[in-house]
Amino acid sequence: MKRLAGTGERITRFFTELRRRRVFRVGAAYALVGWFLIQAGDVIVEPLRLPEWIQPLLIMTVFLGFPVAVLLAWAFDLTPGGVERSPLPRDDEEAGKPTATDIDSASRHVESDHSVAVLPFANLSQAAENEYFSDGITDDLITHLSKIKDLRVISRTSVMRFKGRGATIQEIGGELRVGRILEGSVRRAGNRVRINAQLIDVRSDDHLWAEMYDRDLQDLFEIQLDVTSRIAESLHAHLSREEETGLARKPTVDMEAYDLFLKGRFHWNRRTEADLLRSVEYFKRAVQRDPNYSMALTGLADAYVTLGVYGALAPADVMPLARGAAEQAFSQDESAAAHVSLGSVHAFYEWDWGAAEGEYRAAVEINPGYALAHQWYATNLLLPLGRFEEARKRLHRARELDPLSPSITVSFGFLAYFEGKYREAIEDQRRLLASDPQFGMAHFVIGGCLEQMGEYPEALTAFRKAVDLSGGSAETIAALGHTLARSGQADEARLLLEQLLDRSGDAFVSPTRLAQVRLGLGDRLGALDLLEEAAKTRAADVVWIGVSPVWKPLRAEPRFRAVQEIVIGADAGSPHE
């Protein structure tokens with residue numbers, strides 16, 4: 001029976017491969033053309049007094065050409081980039097699914113038709129502080145376009161890397177793998193705004209559409225809607241009635257609230273503790289002016305969540321506020337961003353993993369082009385639960401939408417680290433550092449991998465760099481202290497532990513970080529006490545203890561398993577046990 005099943009599966013795969021290579025389509029087209037040629041030959045031979053052997057020769061040529069056409073269809077693909085050799089079929093369990101070449105070919109098709117990147121709009125205002133405003137216009141256009149499911153829109157992180165770089169349209173299009181690029185400028189003077197926008201074809205460098213808007217600031221949302229609609233029209237993208245309604249909805253009627261929102265988002269994107277705290281103030285002022293401003297409420301929720309996850313403030317002080325802001329945003333507009341915010345609260349604070357997954361799934365269903373939803377679904381839920389293959393798929397989708405994002409590359413690094421693929425993680429992060437040497441979290445991932453490999457001097461170098469670039473975050477100091485202790489430098493590790501304890505008197509320091517240094521020093525009971533304290537205080541970073549190899553020495557301890565069960569649930573386990 002197994003042999004018959006295997007034969008049937010191979011036959012199914014063979015026919016799937018025939019369909020994928022368009023062999024059936026080519027065969028049918030050839031047969032139709034051949035039939036037409038034979039009929040035409042039969043009609044014209046006698047009137048033109050051609051030799052009688054012409055018709056049999058034509059028939060024989062048509063029949064002999066059929067297998068040649070089929071073989072060519074099997075061997076080659078006609079793509080937007082020209083004729084290319086088809087990939088060989090695979091014999092493993094992935095056969096029948098899209099190959100890398102299939103995906104590449106499909107992406108090239110998307111690049112030509114329905115892919116676009118919005119480059120940072122140049123700030124032409126006399127006041128340099130209006131940079132937040134031009135960046136905000138860019139962000140809003142990306143957000144609007146990404147709501148159209150028929151488009152592939154590159155996310156903010158990747159396009160912002162081209163700000164001030166002076167790269168050509170072809171270079172940018174090649175790096176981002178898009179077929180169209182929108183660029184423009186913004187000039188703001190009092191209550192007037194002038195926006196120039198032009199849509200450019202990457203391959204031909206032709207201007208597909210261009211417009212200059214010189215309006216009152218009050219008309220800004222109409223300008224954004226018009227630009228979005230014109231781009232969708234130029235790319236022949238289909239808009240559903242629901243998408244048209246959503247795009248036409250004004251986020252607020254208070255332009256002062258909108259200006260405060262843009263300032264809040266500008267600081268949130270910087271992600272430092274000081275900037276996050278400033279973003280909270282701007283978002284709160286925006287909500288005070290317009291209590292129904294859903295985007296400002298969602299921004300406020302995101303800022304609170306990020307402060308809690310980064311350990312900048314005690315989770316109990318910010319996570320309930322994040323939930324309140326997200327739920328208030330829902331009452332106005334059920335946006336993907338609000339679902340992501342609420343999902344993060346469920347995951348990092350309430351440890352309600354089922355509810356968290358429901359929110360993340362809703363977010364990617366509402367807006368499949370929202371890169372952050374895919375990334376946070378992977379890093380905030382799938383990774384802590386040890387569902388690594390699902391996380392990999394989500395991160396790949398996030399990377400398609402945000403191909404140059406260093407944060408997504410670091411997420412891939414953590415995935416490889418949790419899987420024990422240390423060399424792979426190191427190589428990936430070093431490639432990132434070649435283009436962005438100041439990205440601290442890449443050094444952090446490299447340090448963690450080198451520590452697990454027992455290469456302590458190199459790990460200490462990486463962690464010291466991460467400490468410097470982070471401004472001395474508790475997370476990086478704890479990792480450095482743990483590695484110092486493991487490498488035999490206990491005195492310096494104790495000094496770092498004292499430093500964290502002193503800091504905890506004035507600010508929140510996660511007990512998980514203190515436990516990490518204690519464990520490195522060999523104080524297993526002290527580490528367990530602190531992990532139990534982390535669970536009581538709902539510290540966000542305690543969700544990683546089930547997958548991080550740092551905690552392997554404690555995995556057999558009943559107290560450790562009890563903490564893990566509180567955080568993850570009754571089925572808590574570890575891929576590294």
Side-chain angles (χ1 to χ4, degrees), residues 100 104 154-163 165 167 171-172 174-177 270-272 310 371 374-376 378-379 382-383 388-389 391-473 475-484 486-487 516 520 541 544 547-550 552 575-576:
D104 185 59
I154 300 300
S155 295
R156 178 189 194 278
T157 313
S158 290
V159 297
M160 282 296 172
R161 292 173 72 86
F162 293 97
K163 190 171 183 177
R165 253 179 63 173
E171 289 170 342
I172 297 170
E175 286 195 54
L176 298 178
R177 299 182 61 78
R270 293 187 168 191
R271 296 294 206 282
T272 68
Y310 282 15
H374 294 280
Q375 184 187 3
W376 282 20
T379 56
L382 298 173
L383 287 185
F388 295 151
E389 284 307 313
R392 195 184 325 279
K393 292 176 182 177
R394 288 291 172 188
L395 288 176
H396 276 301
R397 178 57 180 151
R399 177 170 276 175
E400 288 175 6
L401 297 164
D402 206 350
L404 303 184
S405 166
S407 134
I408 292 174
T409 298
V410 165
S411 294
F412 272 108
F414 277 114
L415 169 59
Y417 172 66
F418 295 149
E419 291 181 307
K421 300 175 181 177
Y422 303 127
R423 287 293 178 196
E424 176 185 319
I426 290 170
E427 290 172 5
D428 204 24
Q429 301 310 297
R430 283 177 175 164
R431 281 193 293 270
L432 168 59
L433 290 174
S435 61
D436 192 352
Q438 301 304 306
F439 200 75
M441 287 308 293
H443 292 283
F444 183 80
V445 172
I446 289 172
C449 292
L450 290 169
E451 180 197 27
Q452 293 303 314
M453 296 165 65
E455 299 179 15
Y456 296 125
E458 295 87 349
L460 290 171
T461 300
F463 278 136
R464 291 187 196 281
K465 186 69 173 177
V467 170
D468 290 342
L469 291 172
S470 70
S473 71
E475 179 179 34
T476 56
I477 291 174
L480 177 60
H482 181 265
T483 306
L484 284 166
R486 288 189 65 187
S487 64
Q516 186 175 352
D541 50 15
W544 306 108
V547 290
S548 172
V550 166
K552 279 193 289 188
H576 297 288

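Only heavy atoms go into these numbers, but all of them, side chains included; no hydrogens, no water, no symmetry mates. For the single chain, residues carry numbers from 1 onward in sequence order.
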Got a second to check how far [X]'s [atom1] is from [Y]'s [atom2], nearest 0.5 Å?
X    : Y    : atom1 : atom2 : value
L415 : D428 : CG    : CG    : 10.0 Å
L383 : E419 : CG    : CD    : 8.5 Å
S405 : R161 : OG    : CZ    : 8.0 Å
K421 : C449 : NZ    : SG    : 12.5 Å
Y417 : Q452 : OH    : CD    : 4.5 Å
L395 : T409 : CG    : OG1   : 10.0 Å

field: Parallel, tilted or perpendicular: rings of F414 and F444 (30°, 60°)
entry: tilted

Minimal non-hydrogen separation, [X] against [Y], with atom names:
X    : Y    : answer
L176 : I154 : O-CD1, 3.7 Å
P403 : S158 : N-OG, 3.1 Å
E175 : R165 : OE2-NH2, 2.9 Å
E424 : A416 : OE2-CB, 4.1 Å
G413 : A425 : O-CB, 3.7 Å
L469 : G440 : CD1-CA, 3.7 Å

- request: Report the C-alpha distance between F412 and H396 in whole Å, list the side-chain angles of each, state the deciding distance to 0.1 Å, and finish with yes or no for side chain to side chain contact (heavy atoms under 4.5 Å, CB included).
  value: CA-CA 9 Å; F412 272 108; H396 276 301; 3.8 Å; yes

query: Ignoring hydrogens and geometry, is there a side-chain-to-backbone donor-acceptor pair from T483 to A479 under 3.5 Å?
result: yes

- prompt: Does any N or O in the side chain of H443 come within less than 3.5 Å of the main-chain N or O of Q429, such that one atom is a donor and the other an acceptor?
  reply: no

task: Kindly indicate, with the supporting measurements, whether the criterion side chain to side chain contact (heavy atoms under 4.5 Å, CB included) is fulfilled by D402 and Q375.
output: CA-CA 10 Å; D402 206 350; Q375 184 187 3; over 6 Å; no

- prompt: Side chains of S411 and T379: do they bring a donor and an acceptor to under 3.5 Å?
  reply: no

query: Is any NZ, NE, NH1 or NH2 atom of the basic residue among D468 and K465 found under 4.0 Å from an Asp or Glu carboxylate oxygen of the other?
result: no

message: If the threshold is 4.0 Å, N to carboxylate O, is there a salt bridge linking E427 and R430?
response: no

message: Determine whether L401 and H374 satisfy the following criterion, side chain to side chain contact (heavy atoms under 4.5 Å, CB included), listing intermediate values before the conclusion.
response: CA-CA 10 Å; L401 297 164; H374 294 280; 3.9 Å; yes

message: Test side chain to side chain contact (heavy atoms under 4.5 Å, CB included) on T157 and L404; report intermediate values, then the result.
response: CA-CA 7 Å; T157 313; L404 303 184; over 6 Å; no

field: pair L450-T461: side-chain heavy atoms closer than 4.5 Å
entry: no

message: Enumerate the salt bridge (charged side-chain N to carboxylate O under 4.0 Å, His left out) contacts for residues 444-454, please, sequence neighbours excluded, ordered by first and then second residue.
response: E451-R486

